[in-house]
Amino acid sequence: MTPDWLPDLATDLNARVDARTAELIALSHDIHDHPELGFAEHHASKRLVDALAEAGFTTTTGVADLATAFRAERVFGSGGPTIAIFCEFDALPEIGHACGHNIIATAGLGAALAVANRLAETGGNGKLVVLGSPAEEGGGGGKVIMADAGALSDVDVAVMVHPAGFDAVSRTNLGRVSLEAVFTGRASHAAAAPEQGLNALDAATLLLVAIGLLRQQLRTDSRLHANLVEGGDAINVIPERSRVKLFIRSPDVEYLRDRLYTALHDCVRGAAIATGTTYELTEVAPAYDPVRTNPVLADLAEHAFAALGRPIDQVAGRSGNAGSTDMGNVSQLVPAIHPYICVTPGLAIHTRDFAAAARGADGDRAVRDGASLLAITVSALFDHPELVEQVTAS
């Protein structure tokens, strides 16, 4: 049942977001037009920090020794909860903001500005924090690094919103381990003395074949990806080194670390044995945990979706997987939600079509509604301390 106070709260927050929608959309477009890879999002980070500082937030850059990570906060009254809104802003190689992180960044900013404006007027109590987390894509794990450095030590609740092809309070996110297999062989002339070489590229090729065969034996909810990133420098030289990047994913961390990792390691070792090469298999980035959705926060978000005229997609929310995110690690430490806001129905992320939509009218609506969704959810917690107690207890 919708709380009797929520419609008025939603009307208030929608109006505050609407007052800033034009500038939020302009910033979303600007970030989209300047795509930056993980840990190098200098333009986007500065634009967000400047906007928050102008709105009266105390800002700290270089959090956790990450050049583009930041923390901005405003304290209202005395006591009360500390609620953090995460902003992501990194792009993908080659296809730019095909995951819509320009929307994530500006929706988070818009929510923070609207909530802060309301708290300043109503005299509420609590601390509002905005955390700019770099390098979510590609296994960078900005949130993991920030959390390890203590960025969540005072946070009671953490929220963010992610664009998608559907509206959902949550979806099954997969734990992920980022690995790299390096094979080392022996170089030789590929025509004059190939028999003296040990071909590291052959080892990588066998690994890719083994992975393809292994997939048939995996649980249907788990994934294994591979990408050959190094395989020799000259066609007439037997490659002495090859390198394969790998992701293994599963919603079941035990299965991920046991069966899936062990099977992959056997594929790597077998490829090395078959080619006479040596190998190293290393974990090259922070692991991502599955998202643990807090039920009280999820219920609040569902009411907020309804207030926005966006009924959640129950089918999309309960079927399939939604990749991996370092927000999963955050959710294992503090109560959190990672809802999805629809850009264009049915459109898949990490595609060029989604990159285009993230800067179009559909993406602009997602910025506005994503900001309102978070603002309503966060303001409800500041207005009703008993909800924070329920969140903590659930």
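One is the number of the first residue; the rest follow in order along the sequence. These values consider heavy atoms only, across backbone and side chains, with no hydrogens, waters or symmetry-generated copies.
With contacts defined as side-chain heavy-atom distances shorter than 4.5 Å, the pair S170/I337 does not qualify. Residues V49 and T61 are in side-chain contact: their nearest non-hydrogen atoms beyond the backbone lie under 4.5 Å apart. With contacts defined as side-chain heavy-atom distances shorter than 4.5 Å, the pair V388/L381 qualifies. Residues K245 and S178 fail the side-chain proximity criterion, which asks for heavy atoms closer than 4.5 Å. By the 4.5 Å heavy-atom criterion applied to side chains, L246 and I211 are counted as neighbours. Side chains of L131 and L152 form a contact here, defined as non-hydrogen atoms less than 4.5 Å apart.
The only option from D156, V378, L128, V155 that meets the side-chain contact (heavy atoms from CB on, under 4.5 Å) definition with P81 turns out to be D156. A ring pair (Phe, Tyr, Trp, His ring centres under 6.0 Å) with H101 holds for exactly one of H32, H162, H34; it is H162.
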Can I get a per-line list of side-chain donor-acceptor pairs under 3.5 Å for residues 260-272, giving both atom names and the distance, sequence neighbours left out?
| from | atom 1 | to | atom 2 | distance (Å) |
| --- | --- | --- | --- | --- |
| T262 | OG1 | D258 | O | 2.7 |
| H265 | NE2 | Y279 | OH | 3.2 |

Which atom pairs, donor and acceptor, lie under 3.5 Å between side-chain atoms of residues 188-198 and protein residues at least two apart or in another chain?
| from | atom 1 | to | atom 2 | distance (Å) |
| --- | --- | --- | --- | --- |
| S188 | OG | A193 | O | 2.5 |
| H189 | ND1 | A191 | N | 3.0 |
| H189 | ND1 | A192 | N | 2.9 |

Would you be so kind as to tabulate the donor-acceptor pairs closer than 3.5 Å made by side chains of residues 349-360, with sequence neighbours excluded?
| from | atom 1 | to | atom 2 | distance (Å) |
| --- | --- | --- | --- | --- |
| H350 | NE2 | E137 | OE2 | 3.4 |
| T351 | OG1 | A348 | O | 2.8 |
| T351 | OG1 | F354 | N | 3.1 |
| R359 | NE | D33 | OD1 | 2.8 |
| R359 | NH2 | D33 | OD2 | 3.0 |

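Annotation: I235, atom CD1; neighbour count of heavy atoms from other residues, nucleotides and ligands within 6.0 Å does not exceed 12.
One N or O on the side chain of E36 and one on the backbone of H42 form a donor-acceptor pair closer than 3.5 Å.
Judged as a salt bridge (Lys or Arg N to Asp or Glu O under 4.0 Å), the pairs with a partner in residues 86-104 (not counting sequence neighbours) are, in order, E88-K143. Screening residues 174-184 for salt bridge (Lys or Arg N to Asp or Glu O under 4.0 Å), with sequence neighbours left out, gives E180-R243.
Between Y340 and H338, a ring centre-to-centre spacing shorter than 6.0 Å is recorded.
Note: the hydrophobic cluster containing I85 also contains L300 (ILVMFWY, side chain heavy atoms under 4.5 Å, direct or indirect links). Residues L6 and L297 are members of one and the same hydrophobic cluster, defined by side-chain heavy-atom contacts under 4.5 angstrom among Ile, Leu, Val, Met, Phe, Trp and Tyr. Note on L179: it clusters hydrophobically with L214, by side-chain heavy-atom contacts below 4.5 Å among ILVMFWY residues.
Here the closest non-hydrogen pair linking C342 and P345 is SG-N, 3.5 Å. When all heavy atoms of L109 and L27 are compared, the closest pair comes out as CD2-CD2, 3.5 Å. Across all their heavy atoms, A44 and F89 have their closest contact at CB-CB, 3.8 Å.
For P35, the side-chain contact (heavy atoms from CB on, under 4.5 Å) partners two or more places apart in sequence, or in a different chain, are A91, H97.
Using a cutoff of 4.0 Å between basic side-chain nitrogens and carboxylate oxygens, R71 and D154 are scored as salt-bridged. For the pair D364 and R368, the salt-bridge criterion is not met [side-chain N within less than 4.0 Å of a carboxylate O].
Of the N and O atoms on the side chains of S324 and R249, at least one donor lies less than 3.5 Å from an acceptor on the other residue.
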